Amino acid sequence: MNVLFVAAEVAPYVKTGGLADVAGALPVALRHAGHDVRVVMPRYHSLRQQGVPMTGPIGASFLPVGVQAEEQRIWRAAAPEGPLYFLDIPAAFERPAIYGEPDDARRFILFARGVMDAMQHLREVDGWQPDVVHCHDWHAALVINYLKSYYAYTFGHIATVFTIHNLAYQGQVPPDVAHLAGLHEGGLVEKAMGAGIADSFNFMARGILYADVVTTVSPTYAREILGPEYGERLDGVLRSRHDRVTGILNGIDTTVFDPHTDRHIAAPYRAEDITGKATCKAALQQALGLEVSPARPLLGIVCRLVEQKGLDLLHGIMPWLLQETDAQLVMLGSGQPHLQDAFLRWAQLHAGRVAVRIGFDAALAQQIYAGSDAFLMPSRFEPCGLGQLIALRYGSVPIVRATGGLADTVREGLDGNGFVFHRYDTGDFGDAIWRALQCYRDPASWAIVRERGMREDHSWGTAAQQYAGVYESARRLIGRG
Ligand code: ADP
């Protein structure tokens, strides 16, 4: 099957979060399964700066946006196993930031327009067209809206799949953006759904409403977002399409995340021979100025420092953790300044027990997965979560709140692969850490839990099969396939 992937970030080119990992790895897994998958992403300033090799331009045009038109050129990269196209739209992407710009709506309208243009180019020049267009998150949502409206005549035979990686980021903007996009029904679509998003233009709502199939990144999150607690005010829109919504767990790139071959860590190890892990722990303690002690349990956390990740719970239990346990804590992340400051303060007050590094550092992240005994993810919500999957592979036993993909991948205790709490509550989080530390004191039990996690298969193969199934059903729904 021919599939066109549309995403605003794709590893290894540009990454700010889990979306990039998915958009980088899933096409590769689908190609292994025999599909012809091509990927489209913006050509950001950083790609030019890094000198990412690409050929072109292979096409050039002007994209409409409101009453203006902006220039686009299409470039082609030789991705590891297949074609990848960069849309070079200077008005939108020739600047340092990836997201968070005041004109994000205009930027990603241009991106969607650019994708339509690229599709026409691929058809006319390469003789290639997709059976399925698979769009990811709000940045790519308007591609589906355009396909099902203006381009219905030209591309009506193409099935569409929209994947929600994080419903919290929707691209909700003032209603007049509809004119910029040339989608003049304004807020009518949203109003028709009776959702609490009237009087706005919501990119993500349009992806959800127009896609033939909507997927999200875990079965539990797919259920959770149908209700008001996790629905981020789009639960009404989602419920109206509940028979089209399904959850598929993300995998991880097991060639990148492999403690047996990882060049960033101090010593290789694997489930059959774990001895190298102690070396990794000592190296991490040493590098971060913690007391070098094999016996002390070392807890790790690597994440964006934002509310979603449950950092208020962690902050709340720090006094208990420091007084009542002998655990050490290492944190890597960046995000909201008040959270950065709060944890830097703990590190300052308790150097030797707590180490905090602010920034994005892939190598240090892998050293933390390898060097820590347990990995914390007390998330308020978690669509899938890659952290716990990487932690499992590196034998860092996950301690998680049972939400979204965490609920689907981590099971409690000796019969499981980690430690799990349910209520969003400091006491319950502390109890879960306590149970983990009790288990840690009994090396034989700890080894059972840790090894079970290390042996699990979270590679992309299973997910790729499930996505191929979704593509088939999307095609059946439009009477193709
Ligand atoms: P999200 O997509 O919500 O950020 P995920 O757990 O799905 O969370 O994916 C986050 C990915 O980014 C993981 O691979 C994690 O290790 C990595 N990551 C997050 N913050 C950092 C950081 N500061 N440095 C290096 N890697 C990070």
Side-chain angles (χ1 to χ4, degrees), residues 7-12 14-26 98-100 136-139 163-169 216-218 220-221 225 230 232 247-259 262 264-265 284 288 300-311 314 330-337 339-340 343-344 355-372 375-394 396 398-401 403-410 418 458-460 463:
E9 49 180 293
V10 180
V14 171
K15 171 172 166 170
T16 73
L19 164 62
D21 291 318
V22 177
L26 181 54
I98 308 293
Y99 313 122
H136 298 262
D137 271 352
W138 75 263
H139 327 98
T163 295
I164 300 169
H165 294 265
N166 192 335
L167 193 61
Y169 304 96
T216 186
V217 289
S218 69
T220 295
Y221 193 61
I225 58 177
Y230 294 94
E232 303 279 353
I248 299 176
L249 269 177
N250 285 335
I252 53 172
D253 188 333
T254 46
T255 56
V256 174
F257 299 112
D258 181 355
D262 189 336
H264 295 300
I265 66 178
L284 182 65
L288 297 183
I301 179 164
V302 179
C303 66
R304 292 180 293 117
L305 300 184
V306 295
E307 235 152 68
Q308 175 197 337
K309 300 295 177 181
L311 297 163
L314 180 58
V330 45
M331 167 183 276
L332 168 64
S334 66
Q336 292 170 355
L339 290 170
Q340 296 184 172
F343 285 98
L344 282 171
V356 173
R357 293 291 181 273
I358 302 298
F360 195 94
D361 184 340
L364 179 57
Q366 279 163 245
Q367 287 153 14
I368 294 174
Y369 287 113
S372 58
F375 193 78
L376 305 179
M377 288 184 78
S379 303
R380 196 179 279 277
F381 66 95
E382 195 61 76
C384 175
L386 299 176
Q388 84 280 16
L389 301 180
I390 302 170
L392 284 167
R393 189 148 166 85
Y394 280 75
S396 181
I399 302 173
V400 308
R401 176 159 177 265
T403 181
L406 297 171
D408 293 327
T409 53
V410 183
H458 291 288
S459 59
W460 274 103

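Note: hydrogens, waters and symmetry copies are ignored here, and every other heavy atom, side chains too, is used. Given the structure is predicted, the values throughout are model-derived calculations rather than measurements. As the structure lists them, so they are numbered: ligands from 1, and atoms in each ligand from 1.
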Q.
Would you say that L26 contacts W460 through its side chain, given a criterion of any heavy-atom pair below 4.5 Å between the two side chains?
A. yes
**Q.** Nearest heavy-atom neighbours spanning Y169 and W138
**A.** O-CD1, 3.2 Å
Q: Output yes when the distance from some N or O of ligand 1 to some N or O of L386 is under 3.5 Å, and no in every other case.
A: yes
Q | Donor-acceptor pair between D361 and Q367 side chains, under 3.5 angstrom | A | no
Q. Going by the atom numbers of ligand 1, which of them fall below 4.0 Å from some non-hydrogen atom of A365?
A. 25 (C), 26 (N)
Q: Look only at the side chain of Q308 and the backbone of F381, and say whether a donor-acceptor pair between them is shorter than 3.5 Å.
A: yes
**Q.** E382 and R401 ion-paired at < 4.0 Å
**A.** no
Q) If only atom types and distance count, is the side chain of T254 paired as donor or acceptor with the main-chain N or O of S459 below 3.5 Å? A) no
Q) atom 24 (N) of ligand 1: which protein heavy atom is closest, and how many Å away? A) D361 N, 3.0 Å
Q.
Is the ring pair Y369/F257 parallel, tilted or perpendicular, if the boundaries are 30 and 60 degrees?
A. perpendicular
Q | Geometric N/O contact T16 with ligand 1, under 3.5 angstrom | A | no
Q. With atoms numbered from 1 as shown, which atoms in ligand 1 lie under 4.0 angstrom from a non-hydrogen atom of K15?
A. 12 (O), 14 (O)
Q: Could you establish whether K309 and ligand 1 come within less than 4.0 Å of each other, counting only heavy atoms on the residue side?
A: yes
Q. Which of the atoms in ligand 1, numbered in the order shown and given with their element, are less than 4.0 Å from a heavy-atom of G385?
A. 6 (O), 7 (O)
Q. Should C384 be listed as contacting ligand 1, given a heavy-atom distance under 4.0 Å as the test?
A. no
**Q.** Residue-ligand contact G359/ligand 1, heavy atom below 4.0 Å
**A.** yes
Q. Quick one: do the D262 and Y394 side chains pair a donor with an acceptor below 3.5 Å?
A. yes
Q. With a 4.5 Å limit on heavy-atom distance, are the side chains of V217 and I248 in contact?
A. no
Q: Please confirm whether G18 comes within less than 3.5 Å of ligand 1 when only nitrogen or oxygen atoms on both sides are compared.
A: yes
Q. So which heavy atom on Q388 is nearest to which on G405, and how close?
A. NE2-O, 3.7 Å
Q | Nearest neighbour in protein (non-hydrogen) for atom 21 (C) of ligand 1 | A | F360 CE1, 3.5 Å
Q: Number the atoms of ligand 1 from 1 as they appear, then name those within less than 4.0 Å of a heavy atom of C303, with their elements.
A: 19 (C), 20 (N)
Q. By number and element, which atoms of ligand 1 are closer than 4.0 Å to a non-hydrogen atom of R304?
A. 1 (P), 3 (O), 4 (O), 20 (N)
Q) Which ligand 1 atoms are under 4.0 Å away from a heavy-atom of G387? A) 6 (O)
**Q.** Contact atoms of ligand 1, heavy-atom distance to Y369 under 4.0 Å
**A.** 15 (C), 16 (O)
Q. Just which atoms of ligand 1 are under 4.0 Å from any heavy atom in I390?
A. 14 (O)
